[in-house]
Amino acid sequence: MEFIQPITTAIYFIFGGIFLFLAYSILRDDFAGRLNRVTGLMLFFAALGPIFLALGSIVEPTVSSGAPFKESVVYNLLYTWELFFPAFLLFSWVFPVDRLSSLRHPRLRLFIFFPHLFHLLLAIVFNNPEKILGLLDIESGEGFISLILEPLTFLLKWIVLGFTLLLSSEKTLFAVINVIYVILALYFIIRGRAQISSEPIRNRSTVIIYGISIAMGIYTFGFLLPDIFTVDLSSTLKTILIIFTLFIGGGSIIWSIVTHQFLDITVLVRQSLVYTISSAILVGMYILLVGQTNIMLASIFGEKTTIANIAFIVLALILFQPINSRLDNIINRFFIKRHTDYRNVMEELSRRLTSVLDLNQVRGTIERTLQSSILIGRIYFVLFDDKINDYVLLSSEDFPEMVAIDRNDIFLGGVGQLDFPTTIDRLSLYSQNSRLYEEIHRRRIQLILPLKDANHMLGFLALTAKISGFRYNAEDISMLGVIANQLVTVLTNVRLYLDSLEKQRLHDEMTMARQIQLDLLPKYPPRSDSYEICACSFPSRTIGGDFYDFIGKNDGRFGLVIADASGKGLPAALMVTQIQAMLRSEIGNENSISRILGNVNRYVTQMTSSERFATLFYGEFDPVSNRFYYANAGHNYPILVRADGSYEFLSRGGMLIGAFSNAMYEDSMIQLNKDDLIFFYTDGLSEAMNDNEEEYGEERIINQVVEKRTLTTEELARAILKDKESFDPADPPRDDTTLVILKILKGV
């Protein structure tokens, strides 16, 4: 069993070293934080216990029986660690709820250290009363000095006797005091946890509260209560209880720091903490293994074990680094790469946002991530809204109304100058007469996170304080800056996605409108043995502003209309649809052509603005008499080509439709004969333009029609369109192009 003592000593040293390093790491990370200072102080005193126990186990076997180590001043320094109990009570006043900040005289808390300082003084100074009394045995002397020294010596002896009596029961007395401290501390800690309303903070504090409570319970029942009731426990049981206490108490703190970001300690410090502790444990095991192996080899080979010892040490050194690396990987996987590791958080967030294209989902993901990783209370979004062409402060759970923000707001201008997350107090110059600042101030914002791409400010995030009570540290700011950049990319993608959806929606609507427009065009032109008609239309966009129609009448005539609305696209298409409906209605009333166009013009003038108008030609063909009655409302003059090649224009009529409300129209009639034809067209044909910016022109149309007048109407249309395509190959055409050809096959 000789090997037990060295192992126990090493364990004490390891725990003491871990506690000291833990206290140092906590204080180094944020010495200004009260909770950090108190926790560091508590861990420092906790570290003294195992360290003094380890030192005592080393020193005690070396001293002689004539000078018992346990009666020495050095040994009594062990009581220094008992300052842990007032430090633990102090810890319970700042964790999980800071009660000290509400005290009127917080410095009075230092009085809780007085009993243990007194105990330390008692144990060190008065540990040997007989020696002190021997020093006070002063010779009385003579004269005036004797009058002073004798009463003083007498008084000091009584004081020493009083301390001596107190020292005889100090173990029980201070065990009672320590139990009281432990009970009070646990009471405050448990009450403090009950006051926490934030679920993440409650969860975060659970491990450390239960861990410390269990550890202090073990120590109380294993050491304090036996001292009070004079119960002796075996040294082995005491050692086991101490190790359990150190392991559970220290382990809960380390676990909370590493995995739950207790004390808001940065990732680098947490990684350093874990790696240092793991290395310390590994080195301790290495030393123990080497030492015990030396003993074992000496018992086997006698004194000639030098070579075997060296070989074993070399082997251990070779295996040390791979084992240490393996241990680091395990620690990194199980302890560091969790939700408290900001780099891991950003990687997870980036993966989540990649597939999210809905603004509400993006917002929810950002809120959940920041609230779980940094414990931010509220996140408010100020974003540019394309619908109102301005910025808006989005609604939230506590402020359900969305607030529109003037883009000229002075505070918004201040945010626009930021490139990094900035505390709001640095924007105080932009607070005057700012509605945005008032809204931000109402929400108790502490940090502004600008969202800017290369050329625009998309908005910003406004963050309240952290619910953990800690300030935003450099690591928080760095992570928030990276998240802001990711969010800018995501918002841009969301905007592009919404734009594509809108374009797709518009395309679908235009396609539907195109189909409706095609349905309004006649499927086939009128057919007869005495004449033939060909009609075709080619819009420059999905839907066009040209249209033609054939409208049968009760007297055997049929109306022929060709029109071209100003502009292109949907507005022009809607206008021709209106004109078509009005025209059909007027034709049904059996009015004259001039009256029909006059009424249509008046209706269009009343229903549309003066910038909207249309050119229109309307004629009625009587297949019995081969007479063609017509009126031209500003449209390209249809070309009448006689059988002999002569031609004329059908120009009689009036102003274009929709420009002047009182426009008057004059109709006319022409007599058609066999092989005469009328060529109707829109300006998409005459104004077609080649690369030299030369127009196809009316003269070329006339020449083509006159030259090819003997062809059928379909052959003539194809020939002219082919010639136009060779002149202007633009596809789709630059402008809506419509042709209608009426050819007389038989004379009267």
Side-chain angles (χ1 to χ4, degrees), residues 19 22-23 26 30 33-46 82-116 174-225 228 244-246 248-257 259-265 371-372 375-377 464-471:
F19 279 25
L22 198 56
I26 291 172
D30 184 13
R34 173 183 288 165
L35 181 56
N36 289 58
R37 294 198 304 272
V38 172
T39 306
L41 182 69
M42 180 182 70
L43 291 172
F44 171 75
F45 289 127
E82 285 196 338
L83 291 169
F84 163 81
F85 292 98
F88 179 46
L89 181 58
L90 188 62
F91 174 77
S92 70
W93 290 345
V94 294
F95 177 83
V97 176
D98 188 355
R99 293 179 172 83
L100 292 180
S101 58
S102 60
L103 294 180
R104 178 176 297 181
H105 304 290
R107 292 185 182 277
L108 293 177
R109 67 185 185 277
L110 299 179
F111 280 99
I112 63 176
F113 287 87
F114 180 77
H116 295 82
F174 286 97
V176 172
I177 294 175
N178 289 336
V179 168
I180 294 174
Y181 274 52
V182 169
I183 293 174
L184 288 175
L186 294 179
Y187 168 78
F188 287 122
I189 286 179
I190 294 173
R191 281 291 304 273
R193 185 175 186 276
Q195 296 175 11
I196 299 175
S197 58
S198 172
E199 191 65 22
I201 296 296
R202 286 173 61 88
N203 294 335
R204 178 177 285 196
S205 61
T206 297
V207 173
I208 190 168
I209 289 176
Y210 282 107
I212 291 179
S213 300
I214 293 173
M216 296 313 302
I218 293 174
Y219 188 82
T220 301
F221 283 98
F223 295 91
L224 299 181
L225 293 182
I228 295 173
F244 267 106
T245 301
L246 296 173
I248 295 175
S252 65
I253 295 176
I254 295 172
W255 182 272
S256 298
I257 289 176
T259 63
H260 295 284
Q261 213 171 350
F262 172 57
L263 297 174
D264 215 31
I265 289 180
Q371 288 173 343
S372 62
L375 294 180
I376 297 174
T464 62
K466 298 165 70 172
I467 58 177
S468 60
F470 294 98
R471 296 172 297 176

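The first residue in the sequence is number 1, and the count goes up from there. Keep in mind that what you see is a predicted model, and the values were worked out from it rather than measured.
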_side-chain contact (heavy atoms from CB on, under 4.5 Å) evaluation trace for I183 with M216_ = CA-CA 9 Å; I183 293 174; M216 296 313 302; over 6 Å; no
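- Using a 4.5 Å heavy-atom cutoff, the side chains of F44 and L22 are not in contact.
- Around the CZ atom of F223, the shell of radius 6.0 Å holds more than 12 heavy atoms that belong to other residues, nucleotides or ligands.
- Side-chain atoms of T39 never come within 3.5 Å of backbone atoms of N36 as a donor-acceptor pair (strictly under, hydrogens ignored).
- Nearest approach of I209 to P96, heavy atoms of both residues: CD1-CG, 4.2 Å.
- The heavy-atom pair separating A23 from G40 by the smallest distance is CB-O, 3.4 Å.
- Residues L90 and P86 fail the side-chain proximity criterion, which asks for heavy atoms closer than 4.5 Å.
- More than 12 heavy atoms of other residues, nucleotides or ligands shown are found within 6.0 angstrom of CZ on F91.
- Closest of all the heavy-atom pairs between A175 and I228 is CB-CG1, 3.7 Å.
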*asked:* I'd like to know whether L89 forms a side-chain contact (heavy atoms from CB on, under 4.5 Å) with S92, so could you lay out the CA-CA distance, the side-chain angles of the two residues, the decisive distance to 0.1 Å, and finally the verdict.
replied: CA-CA 5 Å; L89 181 58; S92 70; 3.7 Å; yes
*Run the numbers on I189 and F88 for side-chain contact (heavy atoms from CB on, under 4.5 Å), then give the verdict.*
CA-CA 10 Å; I189 286 179; F88 179 46; 3.9 Å; yes
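- When all heavy atoms are compared, the tightest approach of S213 to L186 is OG-CD2, 3.5 Å.
- Side-chain contact between W93 and L184 is absent, with no heavy-atom pair separated by less than 4.5 Å.
- A heavy-atom distance below 4.5 Å is not found between the side chains of R37 and M42.
- Rounding to the nearest 0.5 Å places CZ of R99 at 5.0 Å from CD of Q195.
- A 4.5 Å side-chain heavy-atom check between T245 and I214 finds every atom pair outside the cut-off.
- The closest side-chain heavy-atom distance from R471 to D30 is below 4.5 Å.
- In summary, the aromatic rings of H116 and F84 are positioned with their centroids too far apart to meet the 6.0 Å limit.
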*asked:* One pair to check against side-chain contact (heavy atoms from CB on, under 4.5 Å): I26 and L43. What are the steps and the verdict?
replied: CA-CA 10 Å; I26 291 172; L43 291 172; 3.5 Å; yes
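- R193 and T206 are linked by a side-chain donor-acceptor pair at a separation below 3.5 angstrom, with hydrogens and angles left out of the test.
- In plain terms, the two heavy atoms of R202 and I196 that are nearest each other are CD-O, 3.3 Å.
- The two atoms that bring Q371 and I376 nearest to each other are CG-O, 3.1 Å, heavy atoms only.
- A donor-acceptor pair under 3.5 Å is absent between the side-chain atoms of Y210 and the main chain of S252, judged by distance alone.
- Between the side chain of D98 and the backbone N or O of V94, no donor-acceptor pair lies under 3.5 Å.
- Taking 4.5 Å as the limit, every side-chain heavy atom of P115 sits out of range of all side-chain heavy atoms of F85.
- Exactly one residue among I208, V38, I212 makes a side-chain contact (heavy atoms from CB on, under 4.5 Å) with F95. That residue is I208.
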